[in-house]
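Only one structure is covered here, and it is reproduced in the block below.
For ligands, and for the atoms within them, numbers begin at 1 and follow the listed sequence. Side chains included, hydrogens not; waters and symmetry mates left out as well; all remaining heavy atoms used.
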Amino acid sequence: MTDHKYVFYGTIIDTPDPLTLRIRKQHVCVVNKGKIEIIEPSASRNLDEHQNFTFIKLNESQFICPGFVDLHCHAPQYRQAGSATEVPLLEWLSKFTFPNEARCSDPSYARDLYTKLVSRLLRNGTTTTQYFATIHLEATKILADICQEKGQRAYIGKVCADQNSPDFYIETADESVRNTEEFINYVHHMQKGRDVAGTNALIHPVITPRFIPTCSINLLSQLGQLAKKYDVHVQSHMSETADQVAFVHYLYPSIGNGRDVAIFHETGLLTNKAVFAHGVYLADNEVDEMITRGSAVASCPVANFLFSKGVTAIEHLRNRGLNVGLGTDIGGGYSSSMLPVVRATVFANRTMDFVSFDRSNATLPLFPEHKDAVIDFKYAFYLATLGGAQALSIDSQIGSFEVGKQFDALLIDCNKENQAFDYWKEDEMDIIFEKWVNAGDDRNITGVWVQGIKVECT
Ligand code: GUN
Ligand code: FE
């Protein structure tokens, strides 16, 4: 199959908004040159002119849905994901994470690790990932090459850190800026191979200060200038844990008000292409500042449960107008699949009520009335697809199925022999979908497409 022309016939599921699970049964979806050309009820469509397309007829246990957008993933930490889950953030960084990331100074180590990771993410249905690599330019280029070869849509940053890091894993501000600029140019050169404007490019560079404690104000300011010069994406961590917030205030008490949002703003990094992981400890005026600047938050609930002693108040942030998507935060988060992240998002939302629950008073209702909407499976699925696309400003291209959008999609089969849950043919499609989201896994993902091209996931 070289011309990548498909006609899917069957059930198409997506979430065009947080409250709507859109199920289009007995529809045709025609994909050509990477894009959706037609989505219509099949009865109304004559497909005579599509004879040379690959025809995929879905049965009653199958549907297609959008691929996942993982807004926050540390590629080198795939090596440690699933371990050291009991350690507080700053200790976890110095004891486990910096030594582990430093190993990517060896390009062949990085190539092996990143090849495994990108295959795993595609296998799990993640069609777009925003990655932190390491401080190493060579290994970061290798990650970009691998994503391009394997056909994953990827936003990739060389990590920047010129202080508060061990001797074996630190760079000077000048090296950091020079290598960041070289990486931007490297990726822009890759993009030229695909199309001139870069709109169809799969790989995109991201300016990536690790977090404020590991960056001097000189470095942050120079990175802010690069963000302006190249108009590229920005990512970092923000308001993740109480001790991280206190560390930032201790380091820079008089830059802005000594808080993450003010410091990123002062240094030119609070842009309309910036995504900040976590945002657990944000004041409302900081949220409003982010909205004014057009920045977004990547909520990473698995990591937040382990590190943050708090959760991102997603519905509260979104109600004010902030764009929010989801991230695995590999390896602060142990899951390389977005499905556990979707489930943890629902759990995190439930815990918002626990704060006011008095355990000694059994007369209180267990779930007092929510001020904000409840985040259910479909809302969380929306955040993991279209919500993530919005945070990256690519929601006109991916995240849901509309004519003219690119086809980043999964073929799900809920009746596989060795799957993790059981299938009843009497269940309606909305129930089948909910069961897959809550109890299924990659065994149900039988095909993955990015930009209309079926990718290999092994
Ligand atoms: N803050 C700075 N670096 C990291 C990291 O690697 N993971 C998480 N979760 N938080 C960070
Ligand atoms: Fe992180």
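An N or O contact shorter than 3.5 Å links R210 to ligand 1 by distance. Annotation: E101 places no N or O atom under 3.5 Å from an N or O atom of ligand 1; distance criterion only. The N/O atoms of W92, backbone and side chain alike, include none that comes under 3.5 Å of an N/O atom in ligand 1.
Applying the 4.0 Å criterion to heavy atoms of L89 picks out, from ligand 1, the atoms 8 (C), 10 (N), 11 (C). Atoms of ligand 1 found under 4.0 Å from any heavy atom of F211 (numbered from 1 in listed order, with element): 1 (N), 2 (C). Numbered from 1 in the order shown, with element, the atoms of ligand 1 that lie under 4.0 Å from a heavy atom of H74 read 5 (C), 6 (O), 7 (N).
In this structure, L269 CG and K228 NZ are separated by 12.5 Å, a value rounded to the nearest 0.5 Å.
Remark: K141 is positioned above the aromatic ring of Y186, its terminal NZ or CZ atom under 6.0 angstrom from the ring centre and at most 45 degrees off the axis.
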Enumerate donor-acceptor pairs with a distance under 3.5 Å from any side-chain N or O in residues 65-75 to protein atoms, sequence neighbours excluded.
{"residue": "D70", "atom": "OD1", "partner": "H72", "partner atom": "N", "Å": "3.1"}
{"residue": "D70", "atom": "OD1", "partner": "T328", "partner atom": "N", "Å": "3.0"}
{"residue": "D70", "atom": "OD2", "partner": "T328", "partner atom": "OG1", "Å": "2.7"}
{"residue": "H72", "atom": "NE2", "partner": "H74", "partner atom": "NE2", "Å": "3.2"}
{"residue": "H72", "atom": "NE2", "partner": "H237", "partner atom": "NE2", "Å": "3.1"}
{"residue": "H72", "atom": "NE2", "partner": "D329", "partner atom": "OD1", "Å": "3.1"}
{"residue": "H74", "atom": "ND1", "partner": "Q77", "partner atom": "NE2", "Å": "3.4"}
{"residue": "H74", "atom": "NE2", "partner": "H237", "partner atom": "NE2", "Å": "3.2"}
{"residue": "H74", "atom": "NE2", "partner": "D329", "partner atom": "OD1", "Å": "3.2"}

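Take a cut-off of 2.8 Å around the Fe ion (ligand 2): the protein N, O or S atoms inside it are H72 NE2, H74 NE2, H237 NE2, D329 OD1.
Residue contact check for ligand 1: H278 places a non-hydrogen atom closer than 4.0 Å to it.
Residue-level proximity to ligand 1 for T214 is absent, since no heavy atom of it falls below 4.0 angstrom. Contacts with ligand 1 closer than 4.0 Å are made by side-chain heavy atoms of E240 only, the backbone lying farther away.
Checking E266 against Y252 by side-chain atom types alone, no donor-acceptor pair falls below 3.5 Å. Side-chain atoms of H316 and D284 include a donor-acceptor pair closer than 3.5 Å.
For Y250, the OH atom sits in a loose shell: 12 or fewer heavy atoms of surrounding residues, nucleotides or ligands are nearer than 6.0 Å.
In terms of heavy atoms, I375 sits closest to N349 at N-OD1, 3.0 Å.
Salt-bridge formation is detected for the pair E101/R210: a Lys NZ or Arg NE/NH1/NH2 atom is positioned less than 4.0 Å from an Asp or Glu carboxylate oxygen.
Between H188 and Y230, the ring-plane angle classifies as tilted under the 30° and 60° cut-offs.
In summary, the aromatic rings of F347 and F305 are positioned with their centroids too far apart to meet the 6.0 Å limit.
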